[in-house]
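This report concerns only the one structure given below.
These figures come from a predicted structure and were not determined experimentally.
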Amino acid sequence: MSFDLVTLIDYEAQLARDGTAAVDTLRKREGEIHSRIPSKLSDKKTALLAWIRELKLREGPWPGVSLVRGYESFVFVLFLLGFFSGVGSIQVFLRYDGTEPVNVIPIIAFYGFLQILLVLWYLLKSSVARLFRRLPGGALIALLRDLGARFLARRPHLFSTQNFDSRIQAVFLQRLKDVHSSLLLAKAWQSFQVFGLSFHLASLGTFLLMIAFNDYTFAWRTTLQLEAGLFHQIVSTLSLPFAWLSELLHPSLSLIESSQFDRFQKGFIRGEAVATKDWWPFLAALIAVYGLVPRFLIWSWLKSYSYRYLRAYSPGDFQSEALWQRLSEAQSGWTTQTLEAPRAVPEQALAEVGRSEEKSCVLIAWRDIDLPKDTVKDFLKNRFNFTARVYMDAKGLAKDDALILEHLKAGDSLVFVTDPFELPGEAIDKIRISIRAKYPKALLLFAPLEKSEAGLNFSGDKTAWQHALKIYRDPYLGLLENA
């Protein structure tokens, strides 16, 4: 079992709505759902998928279908725009009144050099996006994000049967951004590749049709001091990927020399042109190889990435952990006598970590906390099944960031053992930002502990701690609490 895009959107929308519900109401609902799907709770991913699919049978509204259809409609519009733009572009480049031949240099520049630059720019942006987040091209993503926000704002019924609540939409959008940013970027770039595919497919088809039903004379001319020999080298370099297929796809030096045109003399520089029609196979191959093929490969890779993301995705943010904990409690018959009052939608929901599975962590004794090392390790092991792989002290100094990143590995959580009365501040945020650059989904947990006669206990103002952590709007930031 795996998520599809519609189910994933509905799942995130329901978590956003659940932020307004009382905990006892949610536990009661999860208990009812568990009674109908007890055999599907063997693991977290399976359980959460079964949960949302069961929930969709009776509650709503569900925005998944509408949002996916909206996205597909947007992609179809881009396809049409690309198609008509491609047809129009070739008609402009092949404009021919019989007095002067068609200049091949603009076609080579647009369908050759420009496409190479665009592909290199995309590869650069996708490969170093984590280092340079503001490379050119963000405007396209910002445009799509703005269109998506407006689409949602005009459809309040997608999230609530009551009056439109902008807070639910804000939490929903924030969760998509924080938890599924890579998937959203892939879908955004995939839509723009559809435009490119359609554009170059229409360009190639129109070019071949116009060549077949018209009689064109090709030439090259430019204001630049470009010699025939140098132009031949440029054309030969561009034809390297496909010249081996046929000699017709590689313009010869004699063709280039004979097709140089002088607009002042209104004729070819070397007299009568020889076979200037032989340019068209090279131009057709240029459009296909540098325009159509790269767009198809990028589109295929992005589509494959989206598919693999959805297949492999297993919710790991704190709100999903809280849901998994409630389902696990329903499975084991666990109940609590403590009922929490309904709460408003928070800036970012925080939740407990599941206690059933064993987890490794890097344990940080933060600043002036003075607790026995082994006692803290045993406490976290017994209460949360955390195994402290590394134990270290940190004071919030600049060198601490590098040391923590050096010890932290993929799959680890970072647990801060802190003084109950020292809320996280600027130093913690710097560490968080450093970790997010390398491990976007690593859990950062806080354990405000104090020592008593009975041993270690959580202490401090729980509400103040929750408020302090929600300010960061980080779905992988949480507070460890008493079971």
If you measure from [atom1] on [X] to [atom2] on [Y], what distance do you get to the nearest 0.5 Å?
| X | Y | atom1 | atom2 | result |
| --- | --- | --- | --- | --- |
| Leu176 | Leu8 | CG | CG | 7.5 Å |
| Ile404 | Arg432 | CD1 | CZ | 13.5 Å |
| Leu477 | Asp429 | CG | CG | 9.0 Å |
| Ser413 | Leu445 | OG | CG | 5.5 Å |
| Ile298 | Gln193 | CD1 | CD | 4.5 Å |
| Leu55 | Gln14 | CG | CD | 4.5 Å |

Any salt bridge between [X] and [Y], counting N to O under 4.0 Å?
| X | Y | answer |
| --- | --- | --- |
| Glu358 | Lys381 | yes |
| Asp474 | Arg436 | yes |
| Asp10 | Lys56 | yes |
| Arg389 | Asp412 | yes |

Under 30°, 30 to 60°, or over 60°: which ring-plane class applies to Phe446 and Phe416, parallel, tilted or perpendicular?
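Rings of Phe446 and Phe416: parallel, under 30°.
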
Under 30°, 30 to 60°, or over 60°: which ring-plane class applies to Phe384 and Phe458, parallel, tilted or perpendicular?
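Aromatic pair Phe384/Phe458 classed perpendicular.
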
Report yes if the side chains of [X] and [Y] come closer than 4.5 Å at any heavy-atom pair, otherwise no.
| X | Y | result |
| --- | --- | --- |
| Arg367 | Thr418 | no |
| Arg295 | Trp299 | no |
| Asp401 | Ile433 | no |
| Phe3 | Ser314 | no |
| Cys361 | Leu414 | no |
| Pro475 | Lys441 | no |
| Leu15 | Leu323 | yes |
| Ile428 | Trp366 | yes |

What residues, two or more places apart in sequence or in another chain, satisfy side-chain hydrogen bond (donor to acceptor under 3.5 Å, both in side chains) together with Asp400?
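Asp400 satisfies side-chain hydrogen bond (donor to acceptor under 3.5 Å, both in side chains) with no other residue.
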
The criterion is side-chain hydrogen bond (donor to acceptor under 3.5 Å, both in side chains); which residues satisfy it with Thr237, sequence neighbours excluded?
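Not a single residue meets the side-chain hydrogen bond (donor to acceptor under 3.5 Å, both in side chains) criterion with Thr237.
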
Work out which heavy atom in [X] is nearest to a heavy atom in [Y]; give both atom names and the distance.
| X | Y | result |
| --- | --- | --- |
| Leu201 | Leu292 | N-CD1, 3.7 Å |
| Ala288 | Leu204 | CB-CD2, 4.0 Å |
| Ala47 | Trp324 | CB-CZ3, 3.5 Å |
| Ser306 | Gln190 | OG-OE1, 3.8 Å |
| Pro448 | Leu480 | CD-O, 4.2 Å |
| Ile107 | Leu286 | O-CD2, 4.1 Å |

Report yes or no: does [X] contribute a side-chain atom to a donor-acceptor pair with the main-chain N or O of [Y] at less than 3.5 Å?
| X | Y | result |
| --- | --- | --- |
| Lys373 | Tyr391 | no |
| Ser66 | Pro63 | no |
| Ser239 | Ser236 | yes |

Decide yes or no on side-chain contact (heavy atoms from CB on, under 4.5 Å) for Tyr111 and His200, but give the supporting numbers first.
CA-CA 9 Å; Tyr111 287 99; His200 289 97; 3.9 Å; yes

Please check if atom CZ in Phe110 has more than 12 non-hydrogen atoms from other residues, nucleotides or ligands closer than 6.0 Å.
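More than 12 heavy atoms, drawn from other residues, nucleotides or ligands, come within 6.0 Å of this atom.
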
Does [X] have any side chain to side chain contact (heavy atoms under 4.5 Å, CB included) partners at least two apart in sequence or in another chain, and if so, which?
| X | result |
| --- | --- |
| Asp378 | Asn382 |
| Ser182 | Tyr305, Tyr309 |
| Phe83 | Val87, Ser198, Ala202 |

Is the Lys NZ or Arg CZ of Lys359 less than 6.0 Å from the centre of Phe386's six-membered ring, within 45° of the axis?
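Yes; both conditions hold, so Lys359 lies above the ring face of Phe386.
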
Cation-pi, Trp62 ring and Arg17 (6.0 angstrom, 45 degrees)
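Arg17 over Trp62 ring: yes.
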
Ser434/Leu405 under side-chain contact (heavy atoms from CB on, under 4.5 Å): CA gap, chis, key distance, verdict
CA-CA 8 Å; Ser434 299; Leu405 282 175; 4.1 Å; yes

Using the ring centroid of each side chain, check whether His180 and Tyr313 are separated by less than 6.0 Å.
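Yes, the ring of His180 comes within the 6.0 Å limit of the ring of Tyr313, centre to centre.
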
Begin from the C-alpha positions of Val390 and Ile364 and carry the test side-chain contact (heavy atoms from CB on, under 4.5 Å) through to its verdict.
CA-CA 8 Å; Val390 177; Ile364 306 294; over 6 Å; no

Does the side chain of Ser304 come under 3.5 Å of the side chain of Arg308 through a donor N or O and an acceptor N or O?
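On atom types as modelled, these side chains qualify, holding a pair under 3.5 Å.
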
Run Leu5 and Ile9 through side-chain contact (heavy atoms from CB on, under 4.5 Å) and show every step you take.
CA-CA 6 Å; Leu5 189 56; Ile9 292 174; 4.2 Å; yes

Picking from Phe195, Trp121, Trp301, what satisfies ring pair (Phe, Tyr, Trp, His ring centres under 6.0 Å) with Trp189?
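When ring pair (Phe, Tyr, Trp, His ring centres under 6.0 Å) is applied between Trp189 and each of Phe195, Trp121, Trp301, only Trp121 qualifies.
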
List, one per line, each side-chain donor-acceptor pair under 3.5 Å for residues 70-81, sequence neighbours excluded.
from  : atom 1 : to     : atom 2 : distance (Å)
Tyr71 : OH     : Lys187 : O      : 2.5
Ser73 : OG     : Arg69  : O      : 2.9

